[in-house]
J.: 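One structure, as structure tokens, below. Some questions next.
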Amino acid sequence: MSEQSKDVCDPNFTAEPSNSEVYGSPGVPGGPSPPASQAATLAGPESPPLGPTDASLALPPSQAPSEEGDPKALQQAAEEGRAHQAPSAAQPSPTPPAPAQLVQKAHELMWYVLVKDQKRMIIWFPDMVKDVIGSYKKWCRSILRRTSLILARVFGLHLRLTSLHTMEFSLVKALEPEELDRVALSNRMPMTGLLLMILSLIYVKGRGARESAVWNVLRILGLRPWKKHSTFGDVRKLITEEFVQQNYLKYQRVPHVEPPEYEFFWGSRASREITKMQIMEFLARVFKKDPQAWPSRYREALEEARALREADPTAHCPRSSVSED
Amino acid sequence: MWNKDRPVPSYMQGSTRRVGIMTDVHRRFLQLLMTHGVLEEWDVKRLQKHCYKVHDCNATVEKLEDFINNINSVLESLYIEIKKGVTEDDGRPIYALVNLATTSVSKMASDFAENELDLFRKALELIIDSETGFASSTNILNLVDQLKGKKMRKKEAEQVLQKFVQHKWLVEKEGEFTLHCRAILEMEQYIRETHPDAVKVCDLCHGLLIQGQSCETCGIKMHLPCVAKYFQSNSEPRCPHCNDYWPHEIPEVFDPEKEREAGISKSNKKPLRSRQH
């Protein structure tokens with residue numbers, strides 16, 4: 001990055017990475033191994049007709065549950081929730097639990113998912129089972145379904161299975177237009193700015209960024225590895241541990257170098273949530289240049305954008321830079 | 001996909017209360033509010049305007065209070081709500097989406113280890129029991145041996161306390177810790193349930209009180225912003241309970257307009273008044 005800019009820590013960010021990639025998931029892990037026939041036993045105690053798709057949690061935007069389905073489901077859920085004071089601790093029982101308890105679990109799961117997302121933590125299915133569903137594991141499919149419904153209905157968010165392999169979910173905005181909510185609140189998410197700085201550096205370099213290079217850039221923001229920052233706190237810990245734990249960055253030792261040096265790469269989550277075009281826009285904003293000032297990177301970004309559009313024609317074109325100024 | 005204006009139906013038979021209508025404006029608002037955790041009123045209003053702009057730019061922006069009540073009527077059946085609070089030290093109105101069904105510090109539970117959660121509980125107890133609403137770092141760290149879970153050294157505990165500050169559960173002032181306004185908003189119910197005897201309550205608004213002023217005669221306590229409002233332009237402030245002369249400096253009522261004009265940036269904002277106890 002050749003140019004320095006006062007506005008490096010670009011305030012125009014939202015915390016929310018919107019996920020334009022849809023990993024089509026044909027099936028749902030209804031817990032580690034419940035057979036499909038479990039679904040049939042659920043039909044008894046709770047009966048909201050949630051629409052045709054029993055199997056798929058990742059409701060594509062074009063497909064909606066039936067018209068009667070959701071208001072009835074929500075109403076039923078609400079009535080059951082109000083009427084019954086279910087205990088918060090799950091009682092292990094072989095028989096299907098009262099509908100109200102499943103409803104309560106769905107509410108707990110909804111909150112759990114929202115908080116995880118708020119904290120930019122991975123929503124991992126085994127964690128959902130361990131922390132919330134507990135002994136209701138057998139009914140987790142219906143609980144998940146209800147939770148998805150509520151999240152969609154009330155928050156306009158899709159609980160999407162982003163990776164069947166790693167059993168990770170993420171919350172994806174379902175509202176149109178899908179775009180970053182820039183400057184809805186400027187200056188609120190400095191973390192995102194910091195992260196994007198590092199990701200941009202890595203991207204522009206075209207390979208891993210040595211820790212020393214990263215600190216050179218962060219110096220522009222007045223950040224030093226040994227100094228605690230009023231907003232970021234321990235910056236070094238943030239970028240080498242927290243961002244790594246959240247899978248936004250990878251921090252690895254450079255092979256065959258003595259004394260040991262480390263470098264940063266994009267993490268899997270960054271690759272999923274942040275597009276190259278977003279990086280180009282960030283660079284353009286920060287350095288007040290046209291994105292084409294980095295011609296090969298820009299070309300890459302265009303290619304990626306095209307590939308994304310082809311992979312999922314129902315998703316919107318990502319990132320029109322909506323300026324809120 | 002969703003018929004965005006279809007109303008969420010009434011959930012109570014015979015209820016006179018209408019459940020509100022959820023549109024994409026409200027949904028985006030909720031999304032963003034959740035993302036940002038806790039927000040000041042000014043930011044919330046901006047957020048609201050932004051959501052209208054994105055989804056329904058021709059509609060009139062509803063009054064914030066009604067807008068929020070509308071959303072809350074829908075959230076009620078989910079045991080969550082957009083809660084409004086006021087910062088204890090300078091009376092700024094704040095908003096957060098909170099879980100009413102919380103019976104433990106469950107919002108923190110997934111972020112912190114067992115011993116860290118216990119450290120928080122210990123700090124919380126010290127804060128509640130203290131006269132000033134602040135617990136000193138030393139006193140908290142001295143309890144490190146009593147923590148559940150893995151053994152924690154004092155050095156480690158210091159860092160955990162900083163983690164709490166960064167996650168906006170605690171606030172640090174000169175080596176002492178008190179609850180962040182967000183923590184008070186989110187955990188009020190939990191705190192009242194788990195410390196029914198030790199908990200202090202404001203004599204005016206009856207809300208949970210961590211920091212405030214007390215009457216030296218009869219001992220009642222009031223929040224600083226409550227004091228400010230109650231004694232506004234009163235040259236002879238007297239205790240509402242025992243009528244004795246109120247011995248503390250009366251703070252100023254929070255004025256968002258004045259804030260903005262002065263152009264005070266958030267990072268170097270001076271407190272509008274000093275802390276009194």
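The sequence lines fix the lettering, A, B, ..., with proteins before strands; numbering per chain opens at 1.
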J.: Please assess A:Phe155 against B:Leu97 for the test side-chain contact (heavy atoms from CB on, under 4.5 Å), listing each intermediate value before the final yes or no.
T.: CA-CA 12 Å; A:Phe155 287 82; B:Leu97 190 59; 3.8 Å; yes
J.: For the pair A:Gln118 (side chain) and B:His36 (backbone), establish whether a donor and an acceptor sit closer than 3.5 Å, ignoring hydrogens and angles.
T.: no
J.: What part of B:Leu75 lies closer than 4.5 angstrom to a heavy atom of chain A: side chain, backbone, both or neither?
T.: side chain
J.: Any idea which heavy atoms bring B:Leu30 and A:Val154 closest together, and the distance?
T.: CD1-O, 3.6 Å
J.: State the CD-OH distance between A:Glu108 and B:Tyr79, to the nearest 0.5 angstrom.
T.: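 Going from CD on A:Glu108 over to OH on B:Tyr79, the span is 11.0 Å.
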J.: Are there over 12 heavy-atom neighbours, none belonging to B:Arg192, within less than 6.0 Å of that residue's CZ?
T.: yes
J.: Could you pull out the closest heavy-atom pair between B:Met22 and A:Arg153, with the gap in Å?
T.: CG-O, 3.9 Å
J.: Could you walk me through whether A:Trp111 and B:Met34 pass the side-chain contact (heavy atoms from CB on, under 4.5 Å) check?
T.: CA-CA 10 Å; A:Trp111 187 250; B:Met34 189 68 203; 4.2 Å; yes
J.: Under the side-chain contact (heavy atoms from CB on, under 4.5 Å) criterion, do A:Leu171 and B:Gln31 qualify, and how do the steps go?
T.: CA-CA 10 Å; A:Leu171 273 184; B:Gln31 283 176 16; over 6 Å; no
J.: Going from OG1 on B:Thr35 to CG on A:Asp117, what distance comes out if it is rounded to the nearest 0.5 angstrom?
T.: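 That separation rounds to 6.5 Å.
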J.: Measuring from B:Asn99:CG to A:Leu114:CG, what's the distance to the nearest 0.5 Å?
T.: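 So the gap between those two atoms works out to 9.5 Å.
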J.: Out of curiosity, A:Lys237 NZ to B:Gln162 CD, how far, rounded to the nearest 0.5 Å?
T.: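 If I round to the nearest 0.5 Å, the distance is 10.5 Å.
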J.: Taking all heavy atoms of A:His107 and all of B:Leu78, pick out the closest pair and write down the distance.
T.: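 Residues A:His107 and B:Leu78, closest heavy atoms: NE2-CD2, 3.4 Å.
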